[in-house]
A.B. asks: 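Sharing a structure with you now.
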Amino acid sequence: MPTQLETLRTYTTVVADTGDFDVMRKHQPTDATTNPSLILKAVHDKSNKYLLDRIINDYRNAPLSETASQLLVAFGHEILQIIPGRVSTEVDARLSFDTQASIERARQIIAMYEKVGIERERVLIKLASTWEGIQAAKVLQAEGIRCNMTLMFSLAQAVASAQAKAQLISPFVGRIYDWYKKDAGDTWNEQERSGANDPGVQSVVSIFNYYKAYDIDTEIMGASFRNIGQIRALAGCDLLTISPDLLDELAACDQPLARQLDAADAKENAPAWIAANEVVFRTELNQDAMATEKLAEGIRKFAADAVALDEIITKARAQ
C-alpha cells in the first residue's frame, strides 16, 4: 500500500517547511520554503556553521542588511542543490509596510542568486500580505521576479494578491486555527472543529474555490499546519508546505487518502466575484479581527527573528 505521503503527491505538490537539509534529502520534496524563524534555527545548527563562516568572511565589511541577505541566499543555494523545484526566500519583515524598500530588497536577493548561478525562475520572493507587500509583488511580477505572499489569513488578502498576479500565496492554516481555538476558550470542541470544519482549513477552501472558479493562475500553498488532519482535509490543494514531523507522520501511514479539493467542483458552485482595491482591502481586513491580529503578530515575530539574525552576524563579525 502506498503511504499517505506518496498518495498526497499524486494530488498536491509537497513542499518542505524546514531549513534542515537532511530532512529534504529524506523526504525529497519538490519545493522548499523558508522563513526567518527556520533560518534562525538552521544557523544555530553546528552542521551549518560553515555557511555562516563563509558569508562572514566574504562580506565582513558589507552593510548588515546585505550580509543577512547573502546568508539567506547561501541557505537557499544549498537547498536548491537538493530539491528539483523552487525555494522561497523572505524579504525582511521590517520592510512589510514599505513597498519601494521591499522591491529593492527583492531585486537584491534575486541578483545574489543569479550571481551564484541560480535562475530567478527557481526562486520565490516571500513578502508579507500587507497592502504594501502586495503592491511590491505587482511590480516584481511584472519584472519576472516571482513572489510568494506569506502571512495570509483572509480571502481579501488572497483576492488582492491575485490581482497583483502573485505567483503563489501561503495561507496559514495553523495560525488561523490557533486564533479561533484561543478565542473560543473552554467552549472549543476539537472534534467538532477538525477536518473540514477546522477554521484554517475552511479559509484555504474558500480561497481555493474562489481562485478555481475564476481561473486565477496564482498558486495556493497551504502552510503552517498543526496536525495531520489539516493536511488530509486539504489534499488536492495546489501545494502544501509541511514540517518534518508531519512529513514523517504521513510517510508512516498507509491508510487511504482521498482528494478533498477539486477545481471542477469549485466551478460548479462559483462564489460571488469580489472587488479588490485599497479601500476594500483595508476595510475587509479591518473587519476581520483574526486576520488583522495574526498578520500583525506574524510581522512582529518575523521582524524579531530578523533582529536576532542581525545580532548573530554582528557577533560573528567581532570574533
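Reckoned from all heavy atoms, side chains included, excluding hydrogens, waters and symmetry mates. As the structure is a prediction and not an experimental result, all values here were calculated from the model.
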A.B. asks: Does the side chain of Arg107 come within less than 4.5 Å of Ile145's, by heavy atoms?
C.D. replies: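 Yes - at least one pair of side-chain heavy atoms lies under 4.5 Å apart.
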
A.B. asks: Any luck finding a side-chain donor-acceptor pair between Ser154 and Asp288 under 3.5 Å?
C.D. replies: no

A.B. asks: If you apply the rule side chain to side chain donor-acceptor pair (under 3.5 Å), what do you find for Tyr50 with Glu78, and how did you get there?
C.D. replies: CA-CA 12 Å; Tyr50 71 98; Glu78 292 294 307; 3.2 Å; yes

A.B. asks: Charged N to carboxylate O below 4.0 Å: is that the case for Lys212 and Asp262?
C.D. replies: no

A.B. asks: Yes or no on side chain to side chain contact (heavy atoms under 4.5 Å, CB included) for Phe153 and Thr292, after CA distance, side-chain angles and deciding distance?
C.D. replies: CA-CA 8 Å; Phe153 305 98; Thr292 298; over 6 Å; no

A.B. asks: Are Ile125 and Asn148 packed together at the side-chain level, in the sense that at least one heavy-atom pair is separated by less than 4.5 angstrom?
C.D. replies: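 The answer is no; the side chains never approach within 4.5 Å.
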
A.B. asks: So, does Asp31 use its side chain to make a donor-acceptor pair with the main chain of Arg86 at under 3.5 Å?
C.D. replies: yes

A.B. asks: What's the separation between atom CG in Asn61 and atom CD in Glu66, rounded to the nearest 0.5 Å?
C.D. replies: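 Going from the CG atom of Asn61 to the CD atom of Glu66 covers 11.0 Å.
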
A.B. asks: Salt bridge or not between Arg282 and Glu132? Use side-chain N to carboxylate O under 4.0 Å.
C.D. replies: yes

A.B. asks: Looking only at heavy atoms, what is the nearest atom pair of Arg226 and Asp178, with distance?
C.D. replies: NH2-OD2, 2.7 Å

A.B. asks: Go through Asp254 and Thr3 one step at a time and tell me if the side chain to side chain donor-acceptor pair (under 3.5 Å) criterion holds.
C.D. replies: CA-CA 4 Å; Asp254 61 5; Thr3 67; over 6 Å; no

A.B. asks: Should we count CG of Asp217 as having more than 12 external heavy atoms under 6.0 Å?
C.D. replies: no

A.B. asks: For Pro171 and Ile207, work out which heavy atoms get closest and say how close.
C.D. replies: CB-CD1, 4.2 Å

A.B. asks: Could you tell me which non-hydrogen atom of Arg175 sits nearest to which non-hydrogen atom of Gly298, and how far apart they are?
C.D. replies: NH1-CA, 3.7 Å

A.B. asks: How long is the span from the OG1 atom in Thr130 to the CD atom in Gln157, to the nearest 0.5 Å?
C.D. replies: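 Thr130 OG1 to Gln157 CD: 8.5 Å, rounded to 0.5 Å.
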
A.B. asks: For residues Arg146 and Leu168, determine if any side-chain heavy atom of one lies less than 4.5 Å from a side-chain heavy atom of the other.
C.D. replies: no

A.B. asks: Same cluster or not: Leu124 versus Ile103, using hydrophobic residues (I, L, V, M, F, W, Y) connected whenever any side-chain heavy atoms lie under 4.5 Å apart?
C.D. replies: no

A.B. asks: Evaluate Val43 against Lys41 for side chain to side chain contact (heavy atoms under 4.5 Å, CB included), listing each step before the verdict.
C.D. replies: CA-CA 5 Å; Val43 167; Lys41 181 179 178 181; over 6 Å; no

A.B. asks: Are Ile109 and Leu80 linked, directly or through intermediate hydrophobic residues, by side-chain heavy-atom contacts shorter than 4.5 Å (ILVMFWY only)?
C.D. replies: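 Yes: a chain of side-chain contacts under 4.5 Å links Leu80 to Ile109.
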
A.B. asks: Pairing donors with acceptors under 3.5 angstrom, does anything connect the side chains of Thr18 and Asp20?
C.D. replies: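 Thr18 vs Asp20: no donor-acceptor pair found between side chains.
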
A.B. asks: May I ask you to test the Thr67-Leu71 pair for a side-chain heavy-atom distance under 4.5 Å?
C.D. replies: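 No, side chains not in contact.
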
A.B. asks: Within the distance-only criterion (no hydrogens, no angle test), does the side chain of Gln260 pair as donor or acceptor with the backbone N or O of Ala258 below 3.5 angstrom?
C.D. replies: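 Confirmed, Gln260 side chain pairs with Ala258 backbone.
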
A.B. asks: If we only count heavy atoms from C-beta on, is the Met152 to Ser161 side-chain gap below 4.5 Å?
C.D. replies: yes

A.B. asks: Starting from the C-alpha separation in whole Å, work towards a yes-or-no answer on side chain to side chain contact (heavy atoms under 4.5 Å, CB included) for Lys26 and Asp248.
C.D. replies: CA-CA 10 Å; Lys26 175 182 177 182; Asp248 286 337; 3.0 Å; yes

A.B. asks: Anything under 30° is parallel, anything over 60° is perpendicular, the rest tilted; go ahead and classify Phe281 against Trp131.
C.D. replies: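 The rings of Phe281 and Trp131 sit tilted, inter-plane angle from 30° to 60°.
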
A.B. asks: Using the rule that two of Ile, Leu, Val, Met, Phe, Trp, Tyr join whenever any of their side-chain heavy atoms come within less than 4.5 Å, decide whether Met24 and Tyr113 are in one cluster.
C.D. replies: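 Yes.
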
A.B. asks: For Gly200, is there any backbone N or O sitting under 3.5 Å from a side-chain donor or acceptor partner on Ser203?
C.D. replies: no

A.B. asks: Test side chain to side chain donor-acceptor pair (under 3.5 Å) on Ser37 and Asp305; report intermediate values, then the result.
C.D. replies: CA-CA 6 Å; Ser37 302; Asp305 288 338; 2.4 Å; yes

A.B. asks: Quick check: does any side chain N or O of Tyr211 sit under 3.5 Å from a backbone N or O of Ala158, one acting as donor and the other as acceptor?
C.D. replies: yes

A.B. asks: If Ile, Leu, Val, Met, Phe, Trp and Tyr residues are connected whenever their side-chain heavy atoms lie under 4.5 Å apart, and connections chain through other members, are Ile274 and Phe208 in the same group?
C.D. replies: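 Linked, Ile274 and Phe208 end up in one cluster.
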
A.B. asks: How far does CZ of Arg232 sit from CG of Leu246, to the nearest 0.5 angstrom?
C.D. replies: 10.0 Å

A.B. asks: Would you say the ring centers of Trp188 and Tyr177 fall short of 6.0 Å from each other?
C.D. replies: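 Aromatic pair counts; centres sit under 6.0 Å.
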
A.B. asks: Quick check: does any side chain N or O of Asn227 sit under 3.5 Å from a backbone N or O of Gln230, one acting as donor and the other as acceptor?
C.D. replies: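 Here the side-chain-to-backbone pair exists.
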
A.B. asks: Side chains of Leu51 and His77: closer than 4.5 Å at any heavy-atom pair?
C.D. replies: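 Side chain of Leu51 against side chain of His77, heavy atoms only: no contact under 4.5 Å found.
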
A.B. asks: Mind checking the CG-CD spacing from Leu257 to Glu6? Nearest 0.5 Å is all I need.
C.D. replies: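 Reported to 0.5 Å precision, the distance equals 11.5 Å.
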
A.B. asks: Test Glu219 against Ile169 for side chain to side chain contact (heavy atoms under 4.5 Å, CB included), laying out the working first.
C.D. replies: CA-CA 6 Å; Glu219 302 167 61; Ile169 62 170; over 6 Å; no

A.B. asks: Which residues pass the salt bridge (Lys or Arg N to Asp or Glu O under 4.0 Å) test with Glu297, not counting sequence neighbours?
C.D. replies: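 So Glu297 forms a salt bridge (Lys or Arg N to Asp or Glu O under 4.0 Å) with Lys294.
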
A.B. asks: As an exercise, state the distance from OG of Ser102 to CG of Leu140, rounded to the nearest 0.5 Å.
C.D. replies: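 That separation rounds to 8.5 Å.
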
A.B. asks: Can you tell me if Arg94 uses its side chain to pair, donor with acceptor, with the backbone of Ala303 under 3.5 Å?
C.D. replies: no

A.B. asks: Testing the basics here: between Thr283 and Val279, what is the closest heavy-atom pair and its distance to 0.1 Å?
C.D. replies: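 Taking Thr283 first and Val279 second, the nearest heavy atoms are OG1-O, 2.7 Å.
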
A.B. asks: Check for me, please, whether Val15 and Phe225 land in the same ILVMFWY cluster - side-chain distances under 4.5 Å, paths through other members count.
C.D. replies: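 No, it is not one cluster - the side chains of Val15 and Phe225 are not joined through contacts under 4.5 Å.
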
A.B. asks: Are the side chains of Leu247 and Leu5 in touch, meaning some heavy atoms are under 4.5 Å apart?
C.D. replies: yes

A.B. asks: Distance from Tyr59 atom OH to Ser69 atom OG, nearest 0.5 Å?
C.D. replies: 11.0 Å

A.B. asks: Answer yes or no: is there a donor N or O on one side and an acceptor on the other, between the side chain of Thr12 and the main chain of Arg9, under 3.5 Å?
C.D. replies: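 No: the side chain of Thr12 does not pair with the backbone of Arg9.
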
A.B. asks: Does Lys49 NZ have over 12 foreign heavy atoms under 6.0 Å away?
C.D. replies: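 No, the 6.0 Å shell around NZ holds no more than 12 heavy atoms from other groups.
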
A.B. asks: Mind listing the closest non-hydrogen atom pair of Gly236 and Arg259 along with its distance?
C.D. replies: CA-NH1, 3.7 Å

A.B. asks: Check whether Thr218 reaches the backbone of Lys165 with its side chain - one donor and one acceptor, N or O, closer than 3.5 Å.
C.D. replies: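 No, Thr218 side chain to Lys165 backbone: no donor-acceptor pair under 3.5 Å.
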
A.B. asks: For the pair Phe75 and Phe21, name the ring-plane relationship: parallel under 30°, tilted 30 to 60°, perpendicular over 60°.
C.D. replies: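 Rings of Phe75 and Phe21: tilted, 30 to 60°.
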
A.B. asks: Return yes if some donor-acceptor pair links the side-chain N/O of Tyr210 with the main-chain N/O of Ala270 below 3.5 Å, else return no.
C.D. replies: no

A.B. asks: Quick one: does any side-chain atom of Gln4 pair with a main-chain N or O of Gln255 as donor and acceptor, under 3.5 Å?
C.D. replies: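 Yes, because the side chain of Gln4 sits within donor-acceptor range (under 3.5 Å) of the backbone of Gln255.
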
A.B. asks: Side chains of Met112 and Gln70: closer than 4.5 Å at any heavy-atom pair?
C.D. replies: yes

A.B. asks: Examine the side chains of Lys126 and Thr33 and answer whether a donor and an acceptor come within less than 3.5 Å of each other.
C.D. replies: yes

A.B. asks: Could you report the tightest heavy-atom contact between Val173 and Asp198, atom names first, then the distance?
C.D. replies: CG1-OD1, 4.5 Å

A.B. asks: More than 12 foreign heavy atoms under 6.0 Å from CD of Gln191: is that the case here?
C.D. replies: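 No, CD of Gln191 has 12 or fewer neighbouring heavy atoms, counting only those of other groups under 6.0 Å.
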
